[in-house]
Amino acid sequence: MASLGIFSLISTLFLVLALATTASSSKVLSPNYYDYVCPKALPTIKRVVEAAVYNERRMGASLLRLHFHDCFVNGCDASILLDSTSAFDSEKNANPNINSIRGFEVIDRIKLEVDKACGRPVVSCADILAVAARDSVVALGGPTWAVQLGRRDSTTASKTTANNDIPAPFMDLPDLINNFKKHGLNKKDLVVLSGAHTIGFAQCFTFKDRIYNETNIDPKFARERKLTCPRTGGDSNLAPLNPTPSYFDARYYNDLLKKRGLFHSDQALFNGGSTDSLVKAYSSNAKAFWTDFANSMVKMGNINPLTGKQGQTRLNCRKVN
């Protein structure tokens, strides 16, 4: 009888531990989240991303930016994909995003294809954004990393939070550091993730004041940018963020050393401040940049995810179920 009692006690303890482990793991993201639920999910996302980037190289930077702008507004929950409703104004209409953020049609295509491959909607739009960002970097010649998965999608969005929390290209270093700190990211993350500006293009209005009014800028570089960004008008004219906007390299940091950062916020990273040494280090060590960029992307992807029974898995990334 005593042995039966001990056996019952041990069984109960194992059951409690198993339940505790299950409850805990439901809150933790994992790169293997879809391995059994839908092993075709990640290969499908990669295929659609590669096709989109092959069709337009700039799309790689756009998809990476989508994930960044999503995570900095109440966490990585795909709130940026929601269209406006009577309940909230879309983050797409926030100042950092309006007439600027793009790639929504590619996300729609991924969602359609991945749901078809899985036989049902099991992959969240938030996870699609995270994987598409990684696959975009890889498609442009950059590093890869194991994307943590298991995010759920939000049921609301906040234009106000997007206006307040997405870092602006006009920010000084102290504001940038505080902005990133608010999201659990440090100075190293700031410098590393800003390296994403090694790809893509920017609109004239985001750097006009810099090329016409700032002094910590290479004069030749300023003259080059003024050719397509006049003092008056031309606000939506595009300029490459660096000389190799379609290849994920470390040129961004070399440009900062030469005072050729396109944004005020870019050059702020190398302007006699506390981040100068990091910029110098990455300018001469692309391998270190790749490694640290991958680590910081995982860290950013872990900002306040919805997991377990929180949120939902949207049927359509643009609207709540």
Side-chain angles (χ1 to χ4, degrees), residues 25-35 37-38 41-42 44-46 48-49 60-82 91 96-97 101 103 106-107 110-111 114 122-140 142-154 157 161-162 165-167 179-200 248 289-308 310-314 317:
S25 63
S26 68
K27 293 289 183 181
V28 178
L29 303 181
S30 165
N32 306 314
Y33 188 83
Y34 296 109
D35 283 5
V37 181
C38 182
L42 269 60
T44 300
I45 296 173
K46 182 180 180 182
V48 178
V49 168
S62 298
L63 293 174
L64 176 59
R65 187 167 179 248
L66 264 179
H67 181 45
F68 183 94
H69 282 213
D70 178 44
C71 290
F72 267 60
V73 183
N74 297 323
C76 310
D77 58 4
S79 57
I80 195 169
L81 302 178
L82 290 171
E91 292 168 22
N97 296 329
I101 204 80
V106 176
I107 300 300
I110 293 172
K111 178 64 172 169
V114 82
V122 296
V123 182
S124 69
C125 300
D127 277 347
I128 287 174
L129 284 175
V131 177
R134 188 271 310 274
D135 291 346
S136 293
V137 170
V138 173
L140 294 177
T144 188
W145 59 91
V147 178
Q148 301 295 306
L149 302 166
R151 299 169 190 80
R152 303 265 288 171
D153 299 325
S154 69
T161 306
D165 284 6
I166 296 174
N179 180 285
F180 273 63
K181 184 178 180 180
K182 179 179 179 180
H183 297 95
L185 301 172
N186 57 34
K187 280 193 285 189
K188 183 177 181 180
D189 298 314
L190 164 62
V191 176
V192 169
L193 292 174
S194 295
H197 291 169
T198 193
I199 55 174
F248 197 93
F289 165 52
W290 276 27
T291 298
D292 291 346
F293 184 82
N295 291 334
S296 289
M297 284 297 293
V298 172
K299 189 174 177 181
M300 185 186 78
N302 286 335
I303 298 176
N304 298 329
L306 300 175
T307 58
Q310 299 173 317
Q312 60 182 212
T313 297
R314 290 186 210 139
C317 289

Problem - side chain to side chain contact (heavy atoms under 4.5 Å, CB included) between Leu306 and Ser154, worked out - result: CA-CA 7 Å; Leu306 300 175; Ser154 69; 4.1 Å; yes
Counting distance only, does the side-chain N/O of [X] pair as donor-acceptor with the main-chain N or O of [Y] below 3.5 Å?
X      : Y      : answer
His67  : Leu63  : no
Asn97  : Glu91  : yes
Arg134 : Ala146 : no
Ser124 : Arg151 : yes
Asp127 : Leu149 : no
Arg65  : Gly200 : no
Arg152 : Ala126 : no
Asp70  : Ser79  : yes
Asp135 : Val49  : no

Exercise for the section: With sequence neighbours left out, write down each residue that passes side chain to side chain donor-acceptor pair (under 3.5 Å) with Thr44, or none if nothing qualifies. Expected result: none
Problem - Residues forming a side chain to side chain donor-acceptor pair (under 3.5 Å) with Thr198, sequence neighbours excluded - result: Asn242, Asp249
Handout entry: Sequence neighbours excluded - salt bridge (Lys or Arg N to Asp or Glu O under 4.0 Å) pairs with any residue from residues 183-194
Key =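 Sorted result for residues 183-194: Lys188-Asp292, Asp189-Lys299.
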Problem - Listed once per pair and sorted, the salt bridge (Lys or Arg N to Asp or Glu O under 4.0 Å) pairs that draw on residues 71-82, sequence neighbours left out - result: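 Found none.
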Practice task
With the side chain counted from C-beta on, respond yes when Phe248 and Ser136 share a heavy-atom pair under 4.5 Å apart, and no when they do not.
Solution key: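 No, every pair of side-chain atoms sits at 4.5 Å or beyond.
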Problem - Non-hydrogen side-chain atoms of Ile101 and Leu66 separated by less than 4.5 Å - result: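 Ile101 vs Leu66: side chains touch.
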Problem - By side chain to side chain contact (heavy atoms under 4.5 Å, CB included) - contacts of Thr161 (at least two apart) - result: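 Residues passing side chain to side chain contact (heavy atoms under 4.5 Å, CB included) with Thr161: Val73, Asn74, Ser158, Asp165.
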Problem - Nearest heavy atoms of Leu64 and Phe293, plus distance in Å - result: CD2-CZ, 4.3 Å
Exercise for the section: Search all heavy atoms of Ala132 against all heavy atoms of Ile45 and return the closest pair with its distance. Expected result: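 Distance-wise, the nearest heavy atoms are N-CG2, 4.1 Å.
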Handout entry: Which residues share a ring pair (Phe, Tyr, Trp, His ring centres under 6.0 Å) with Phe180, sequence neighbours left out
Key = Phe72
Exercise for the section: For Ile128 and Leu81, run side chain to side chain contact (heavy atoms under 4.5 Å, CB included): C-alpha distance rounded to whole Å, both residues' side-chain angles, the deciding distance at 0.1 Å, then the answer. Expected result: CA-CA 11 Å; Ile128 287 174; Leu81 302 178; over 6 Å; no
Practice task
Check the surroundings of atom OH in Tyr33: do more than 12 heavy atoms from other residues, nucleotides or ligands lie under 6.0 Å from it?
Solution key: no
